[in-house]
Amino acid sequence: MLIDIQNLKKDYLMGEFSVTALSEINLQINKNEFVAIMGPSGSGKSTLMNILGCLDTPTEGTYLFDNMDITQLDDDALSAIRNKHIGFIFQSFNLLPRMTALQNVELPLMYAGVEKDERLKMAKASLEKVGLGDRWRHKPSELSGGQRQRVAIARALVTKPGIILADEPTGALDSKSGIEIMEIFTQLYEEGHTVLIITHERDVAACANRILEIRDGMITNDTTNINTKIGELSLAN
Amino acid sequence: MQLGENISIAFLGLIDHKFRSFLTILGIIFGTASVIAMVAIGEGAKKQAIAKYQDLGVSNIIVRDKDLTDNELEEVRMKFSKGLSFADAKAIREILPGVISVAPQSEIKLDAKSGDRSSKSTVIGITPEILEVLNYTTEKGAFITTDQYDRQLKVAVLGATVARELFSYENPVGRSVKLGDQWFEVVGTMETKALFTETVGELASRDLNNDVYIPLSTFNKRIPKENQYASEINQLTVKLRNSDELIESAAVIRNIIDRHHFNNDDFSIIVPFELMKQEEKESRIYNFLLASIAAISLIVGGIGIMNIMLASILERTREIGIRRAIGGRKADILGQFLTEAVVLSISGGIIGVFLGVFLSVGITWITDIETSLTLYSIIIAFSFSVMVGITFGYLPAKRAANLKPIESIRHE
């Protein structure tokens, strides 16, 4: 089991009031699953993803990632887990604008302490995997939205993480680029990766083989999706 | 992450913002440059001050007649003091241990004339011993010899200014000058000496280049005394073998002359070396003050760095969030921004050193102020600028490292 969450609760302090963002979350995710988390805005899905991605810590409950108790780790250890085991993909790409595509992909390896030559090789291979082998010299501003998201995927993949966490990855893209990105996720899943997408679009969620619905900070539905057909993806149109 | 990576990231970041980086380090540049230039000015002044005492001889003790009014002079004569005399010189030579030489001299202000030109000068009667106590070198001709002294010849050696005023650029050697109402033959001219513009103890300030040297024997025979009570000689310059015992020797000299002058307080003793040490001490304080004022501008420069870095961190909050999300530790972020501050201040320091050296040389070139560049001032200014960068870069870097990843990654 890759992820095992028991009785997780997350409160936020808003001034004097404590707001509960997540409560009674119990969730197990195995290796090589393609999970979609669905829910309207404010439902707590982003909070869940932040906790899953070790960017935030739960108020109560336990979170085992690959049998490591995340709640017991300090900031440096959490950074190391984010670096080695988690690949983030964001709605707004979050690339560093002044660096080239290659430098952006190299960055996690730099924090991992990989030597320069090895780093370049791995980063180039990762860019080739997402079909941008010839664009490594370009800066994000010289790339289309779809291409930028593919650079972000290359960056997420470069450290060979245990799980890929994507937060609304198609949210800022046109439908054609969105389909291309979802095709990449499907391909990664088929190659054996564990992929978790957060979305509020049913069509995007339909690509996954397991769909979690979240509402008011609780998981309300956990279904297995047999008909994962990316061809039927219509997205915005 | 290795240091090398951090440095290259920092450089990339700074090159991206060339103009802003330049503005940031401007304070450091001027701070470093002003520390170097200020210290150079101070050191130059110190050097000049010391040169003045070296002209007086650092292992010498000078005994001088006090400048007394006619009434006071009459009083001390009534109390049996004859003023400074050859007998005093002889006594010092015989009693004081470690004496190399005692050179008596007399002086009087007279106009030196040649043809229709005239120069205000101080005529100094010297004995050949002067060459043993002071480093007198002639530019043209030769200095007064023992033979000329013994024969009481009317020969003179002119100071550089007197020679120029009377003879322009012609060679004065062999020509005649009139001192008071006596004619003298010029046998030599002196090299230009450091200006002696401040009063040192009882030595009134005077321009050594206005001196005219004649044999003391001739002086006493040919030049009329100022008044009937005038002493035989005005000054004794005592040269000692060893400058460690100047204070003790000065005390012995005071005893000897006190006895000869029947305890009349009509002379004073000057120890140039002591005065020099005192002046050095004073100029150290003065230099420290100058450097401190300049250092304040360096600190202000450091505050500039802190300011711009805080602004830059606000602008790059999202970048910090991204770096944290993909695995950058707090220490990596701290290192990145601290390195930026250090790279900035080192660049500022290097440019500042060049500017400071340029300024110091330029000041001497344009004005007459003497400056003296010293390695220590450059090292201090440079290391201080780097220290300022680290100190003022730390707070912003720490703040950047402590930003919460989830909040900063959503920062617009």
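The structure presented is a predicted model; accordingly, all values stated were derived computationally and were not measured. Side chains are part of it too, since the values below use all heavy atoms of this structure and drop only hydrogens, waters and symmetry mates. Letters go in sequence order (proteins before strands), and every chain restarts at 1.
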Are B:Lys330 and A:Asp74 within salt-bridge range, i.e. N to O under 4.0 Å?
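Looking at A:Asp74 together with B:Lys330, the answer is no, because their closest N to O distance does not fall below 4.0 Å.
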
Could you tell me the separation between the CZ atom of A:Phe93 and the CD1 atom of B:Ile322, rounded to the nearest 0.5 Å?
12.0 Å

Identified side chain to side chain contact (heavy atoms under 4.5 Å, CB included) partner of B:Ile326 from the options A:Leu107, A:Leu109, A:Asn104:
A:Leu107

In this structure, are over 12 heavy atoms from other groups packed under 6.0 Å from [X] atom [atom1]?
X        : atom1 : value
A:Asp216 : CG    : no
A:Phe34  : CZ    : yes
B:Phe358 : CZ    : no
B:Glu315 : CD    : yes

Tell me, do A:Arg98 and B:Ile15 make a side-chain contact under 4.5 Å, heavy atoms counted?
no

Within residues 374-411 of chain B, contacts to chain A at heavy-atom distances under 4.5 Å involve B:Pro405, B:Ile406, B:Ile409, B:Arg410

Quick check: closest heavy atoms across [X] and [Y], and the distance to 0.1 Å?
X        : Y        : value
B:Ala325 : A:Phe90  : CB-CZ, 4.2 Å
A:Ser92  : B:Arg318 : OG-NH2, 2.7 Å
A:Ser79  : B:Arg329 : CB-CG, 3.6 Å

Show your reasoning for whether side chain to side chain contact (heavy atoms under 4.5 Å, CB included) applies to B:Arg324 and A:Asp75.
CA-CA 10 Å; B:Arg324 293 283 278 133; A:Asp75 194 83; 2.8 Å; yes

Most heavy-atom pairs under 4.5 angstrom with chain B, which of A:Asn94, A:Leu96, A:Asn50, A:Leu78?
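Heavy-atom pair counts peak at A:Asn94.
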
